[in-house]
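Since this is a predicted model, take the numbers as computed values, not measurements. Just so you know, residue 1 is the first one in the sequence shown, and it goes up from there.
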Amino acid sequence: MFRGTCKLPTTSASQVCRRFMESFKAMALNVTLAAVNARACWEQADPCVCFSENYAIYDTMLPSYVSYPQPYDLKHRPRLRGSQPSDFVAFSIESSGADFLKLVETKNPRHCLAAMSAPAVIRDFDDFVKVHEILLAASGVPPTLYRQLFRKLSADTFDGGEFFTIEPCEGGRQRRLLLSVESLLRDSDVFLIDHAWSFRLPDALQQLKEVPGLAERMSALMCVDLDMKTNDEVSELEISEEAIGKSQDRVLEVLKKEVDKAKESGRDATWLELDELEIDDEMLKSLDLSTKFPNLVALNLWSNKLQDSENVIQEVTKCRNLKAIWLNDNPVVRNCGDTIAKAVLAGIPGLEIYNSCFTSNFGEWALGFCGDIGGADNTGCFCSDSGSLVKVTKLDLSNRCIRDLPKAFSPVVMPSLSHLNIRGNQLDQVSIDVLLHLLRDFSSLQSLEVDIPGPLGNSAVQILEYLPNLSFLNGVSRSDITESGKHVIDSSLQPRLPEWGPTESLVDRVLNAMWLYLMTYRLADEEKIDETPIWYVIDELGSALRHSDNPNFRVAPFLYVPNGKLASAISFSLLWPTQDVHYGEECTRDFLFGVGENKQRSARLTAWFHTPENYFIQEFKKYQQQFALRNLCASTEESPPTTRVLQHNERPLRVYTDNPQVDEFLTHPEFILTTDAKEADIIWTSMQVDSEVKKALELTDHQYTNQFPYEACLVMKHHLAETILKAQGRPEWLQPTYNLETHLSQLIGDYIIRKREGLNNLWILKPWNMARTIDTTVTGDLSAIIRLKETGPKICQKYIEHPALFKGRKFDLRYVVLVCSMNPVEIFLFDVFWVRLANNPYTLERSSLFEYETHFTVMNYCGRLNHMNTPDFAREFEEEHQVNWLEIHQKIREMIRSVFDSAAAVHPEMHSAQSRAIYGLDVMLDQSFKPKLLEVTYCPDCNRACKYDTEAIVGSKGVVKGRDFFNTVFGCLFLGETAHVTPL
């Protein structure tokens with residue numbers, strides 16, 4: 001719980017409260033507010049955030065592990081608005097497990113100042129604590145470490161190298177951090193971690209290209225430079241290539257040793273390990289293995305240079321007694337894998353293992369191999385009549401492509417089996433009941449690892465109920481599973497490792513891998529929450545910390561202000577032990593600290609780990625079935641004529657507004673502007689008119705407002721998608737859309753299926769309630785999709801990869817809809833629409849995804865705005881694509897009507913007799929010229945509508961004067977006039 005006070009310029013405490021509520025709700029934080037008139041709450045806060053008179057509202061720097069609550073009530077439509085002067089506001093923030101740092105934004109995202117009352121200069125430890133009191137409490141660092149932290153910050157001491165060592169793992173594609181001293185007790189020390197790279201996402205590509213040494217450092221930190229050789233390494237490589245010329249001698253030496261071993265031991269069977277010996281096709285033929293080793297049972301040719309499929313098949317199939325062969329990582333397998341597999345399996349009927357996978361013939365030999373009772377040094381100990389499987393206690397059958405189980409897999413043959421791993425196998429030729437019954441008969445079985453969902457069903461709890469002898473399932477104890485009631489559990493997920501092609505640049509490799517390392521926060525100043533979050537990579541030591549559900553360290557961001565001045569502020573991360581750690585133990589942290597299953601923890605771990613794909617696929621299919629049969633019948637009811645609010649013999653309607661365009665352009669003689677909200681007939685405002693606002697402005701229920709109750713079902717992106725899905729299932733004009741706060745698992749399932757089917761997997765992520773493409777990202781990286789939800793609640797929508805283009809550029813269309821009633825639905829379409837054009841030619845090249853002016857069309861606030869008249873666009877579009885624009889327009893009309901019919905059907909409470917409103921609808925056309933709905937906007941930006949005179953090509957046609965736009969809008973909504981609008 002965090003509480004604080006703030007002095008803000010405002011005319012009423014209720015307005016301050018409302019502004020705080022809107023600001024925090026836009027970030028989806030649970031916030032409670034109360035207006036007060038004194039600063040006493042600062043003295044009582046525990047901990048708290050105080051805002052001095054020099055600063056106003058400062059918001060949170062949110063670490064990457066912050067979670068967000070469920071969607072709030074549909075009646076709320078939060079916005080960030082300005083305010084005017086002067087009461088105090090007390091506020092509290094509730095967020096499970098979340099840490100907060102209060103910051104002021106500066107030009108450099110790493111240099112921020114805490115919002116606090118502090119001395120000008122830090123002279124001693126007491127000053128340090130006073131200046132950083134809030135930040136220290138927010139970080140979670142134990143108070144016993146404050147003095148150590150002060151000393152290290154003051155002396156700029158990075159002493160982690162004296163306590164830790166970094167070593168490569170996962171074949172060099174990852175690093176881990178080990179303790180290199182005898183021990184480190186819980187909460188006994190704290191270490192500084194630098195931020196190696198801080199950036200805003202749109203700037204990532206440019207920085208990697210232009211900042212000297214950045215790409216090189218990041219590629220080394222992220223382990224994606226393994227094949228990049230320095231001059232010294234090249235020299236070593238040339239020397240090793242010289243030695244490779246003698247590879248045949250090395251192979252012959254290996255063969256001689258095997259012959260000698262066989263003579264000494266008197267064994268008949270032979271196992272040859274010939275991996276990574278540069279064996280090519282000619283050398284393989286010259287070795288004549290079948291003659292030299294007539295009873296060759298296992299042959300390992302992993303990572304050689306075999307290319308000729310006919311030669312490989314011929315030489316391998318001569319070895320008729322082979323039980324196992326490994327040809328992995330040879331060019332011939334990559335080029336002719338299926339052909340070789342079929343020929344080898346046909347030519348060697350007794351083969352049980354081919355390229356690490358079990359064949360349909362596998363039996364005791366393969367089980368013995370995976371049970372570690374034999375191998376290259378002990379080839380004869382598990383022949384079929386030896387009964388050696390009796391000794392097997394641990395059996396790892398993971399990822400062996402097993403579909404059925406042999407007779408040898410039985411409690412009679414393996415009575416001592418206590419640990420079994422069958423992950424990564426379909427086992428689709430064995431029913432769940434048969435497999436469960438078989439496993440139940442293994443009386444010694446205590447630990448089982450299996451995909452869930454998978455061959456034993458979808459529930460860990462049910463598996464344990466059927467297998468009462470099990471103590472551990474997927475590494476988790478029976479008691480933990482039973483207590484938590486989890487159905488899907490896994491403690492040994494395989495990490496996602498960076499992948500790259502040999503021709504990929506360092507920059508591209510870093511962009512691919514960075515989502516495994518990034519952390520994030522957001523800044524704010526007194527005017528607004530920073531619209532674009534900051535992402536950062538901690539240094540090499542910090543980045544070597546791998547994930548654990550039971551971590552022994554914790555990392556938290558921290559801001560140090562050495563001189564008590566803004567210019568001196570520097571951001572770090574802090575590292576300290578949360579358990580006793582001993583020499584050689586791996587140091588870990590929880591990547592999702594404070595995030596539980598109620599915040600989709602298991603699904604979010606997919607950003608860093610290979611989680612069970614079948615589970616997500618099933619979740620997606622169940623979700624899809626919910627909407628399969630839904631179809632909203634098209635409305636056949638004719639809209640009644642619009643009723644007039646004002647009779648001819650009455651006075652003009654008084655309008656109160658905070659919209660500068662209405663204030664300037666509403667000149668209709670039957671309306672008059674007023675600055676007194678109490679006396680107004682119509683309230684036309686950009687703020688949410690809720691009970692608090694009504695009370696503050698002394699509004700009545702008889703006044704008209706330019707908003708409908710529950711209109712969030714249209715104007716908030718996640719609610720819009722929910723509304724359409726509930727009413728119509730998945731209409732063609734709505735791209736697949738997922739709320740990442742509630743349906744991440746279903747999205748992952750959709751993504752996996754598309755990947756398996758080779759479909760395009762580009763997605764666009766949009767904040768629930770921000771416009772102008774703020775914090776909006778296009779990506780095809782699943783880890784990025786999952787991680788991007790950390791910057792605030794978002795939807796993830798299938799990107800339209802192949803839109804209709806105008807002269808090679810992307811475009812969308814803005815339509816304005818006037819809503820007079822939602823019961824019955826009575827809506828009008830403004831006869832003019834506006835085209836919004838991207839500035840750059842459209843492309844799907846990866847680098848273009850960072851180019852705003854290629855993939856986005858909103859140029860009112862950034863970029864170069866190119867206005868184009870509607871008639872010119874329609875004419876030139878028809879000529880370019882040989883289409884009829886009126887036919888396209890008709891499809892758009894039908895789609896827009898369906899949107900509002902859906903809202904009326906799903907949310908009948910949206911209707912209000914005292915409501916009238918306009919909405920902006922953004923539409924895109926796909927390459928087949930079919931409309932796609934992008935979003936619905938409340939109180940849309942009407943700058944171009946008021947600025948330009950445009951000829952209408954539909955409806956009433958003729959020239960529509962820009963200065964008359966709001967005269968037309970108000971005339972339709974309140975007087976029943978139909979000039980320049982068309983009923984839908």
**Request:** For residues Ala712 and His719, report the shortest heavy-atom separation together with the two atoms involved.
**Result:** O-CB, 3.2 Å

**Spacing of CG belonging to Leu829 relative to NE2 belonging to His980, to within rounding of 0.5 Å** = 14.0 Å

**Item:** Contact check, side chains of Gln797 and Leu734, non-hydrogen atoms, under 4.5 Å
**Value:** yes

**Prompt:** Which distance, rounded to the nearest 0.5 Å, do you find between the SG of Cys946 and the CG of Asn967?
**Reply:** 9.5 Å

**Asked** To the nearest 0.5 Å, what is the distance between NZ (Lys766) and CG (Leu934)?
**Response** 5.0 Å

**Closest heavy-atom pair and its distance - Pro709, His911** = CG-O, 4.5 Å

**Request:** Kindly indicate whether the side chain of Asp681, heavy atoms from C-beta on, has any atom under 4.5 Å from the side chain of Gln703.
**Result:** no

**Request:** Could you tell me whether Asp676 atom CG has more than 12 heavy atoms of other residues or ligands within 6.0 Å of it?
**Result:** yes

**Message:** Rounded at 0.5 Å granularity, tell me how far NZ in Lys726 sits from SG in Cys713.
**Reply:** 10.0 Å

**Prompt:** Side chains of Tyr704 and Ile683: closer than 4.5 Å at any heavy-atom pair?
**Reply:** no

**Message:** Would Phe830 and Phe965 count as a ring-ring contact (aromatic ring centres under 6.0 Å, His included) here? Give the steps.
**Reply:** CA-CA 9 Å; Phe830 197 73; Phe965 174 77; 5.0 Å; yes

**Item:** Check: Met924 and Asp922 side chains under 4.5 Å, non-hydrogen atoms
**Value:** no

**Message:** On a heavy-atom basis, which atom in Cys942 and which in Ile918 lie closest, and how many Å separate them?
**Reply:** SG-CD1, 4.2 Å

**Item:** Straight-line distance of Glu670 CD to Leu975 CG, nearest 0.5 Å
**Value:** 5.0 Å

**Prompt:** Any luck finding a side-chain donor-acceptor pair between Glu790 and Thr520 under 3.5 Å?
**Reply:** no

**Item:** Straight-line distance of Leu921 CG to Phe900 CZ, nearest 0.5 Å
**Value:** 5.0 Å

**Item:** Short N-O contact, Arg897 and Asp901, less than 4.0 angstrom
**Value:** yes

**Request:** Mind listing the closest non-hydrogen atom pair of Val906 and Ala727 along with its distance?
**Result:** CG2-CB, 3.7 Å

**Prompt:** Side chains of Ile724 and Pro731: does their closest heavy-atom pair fall under 4.5 Å?
**Reply:** yes

**Request:** Give the minimum heavy-atom separation between Ser915 and Gln707, together with the two atoms involved.
**Result:** OG-O, 2.9 Å

**Request:** Kindly indicate, with the supporting measurements, whether the criterion side chain to side chain contact (heavy atoms under 4.5 Å, CB included) is fulfilled by Val835 and Thr870.
**Result:** CA-CA 7 Å; Val835 61; Thr870 303; over 6 Å; no

**Request:** Considering only NZ, NE, NH1 and NH2 on the basic side and carboxylate oxygens on the acidic side, decide whether Asp775 and Lys794 come within less than 4.0 Å.
**Result:** yes

**Message:** Walk me through whether Trp684 and Phe970 qualify under ring-ring contact (aromatic ring centres under 6.0 Å, His included).
**Reply:** CA-CA 10 Å; Trp684 193 279; Phe970 275 71; 4.6 Å; yes

**Request:** Indicate the atoms forming the closest heavy-atom contact of Leu818 with Cys972, along with that distance.
**Result:** CD2-CB, 3.7 Å

**Item:** Residue pair Met895 / Val923, side-chain heavy-atom distance below 4.5 Å
**Value:** yes

**Message:** For a 4.5 angstrom cut-off between non-hydrogen side-chain atoms, does Leu699 reach Val689?
**Reply:** yes

**Message:** Evaluate Phe665 against Phe966 for ring-ring contact (aromatic ring centres under 6.0 Å, His included), listing each step before the verdict.
**Reply:** CA-CA 6 Å; Phe665 294 107; Phe966 276 107; 7.6 Å; no

**Item:** Test item: Leu933 and Val899 side chains (from C-beta on) under 4.5 Å apart, heavy atoms
**Value:** yes

**Request:** Determine, for Asp690 against Lys695, whether the closest basic-nitrogen to carboxylate-oxygen distance falls under 4.0 angstrom.
**Result:** no

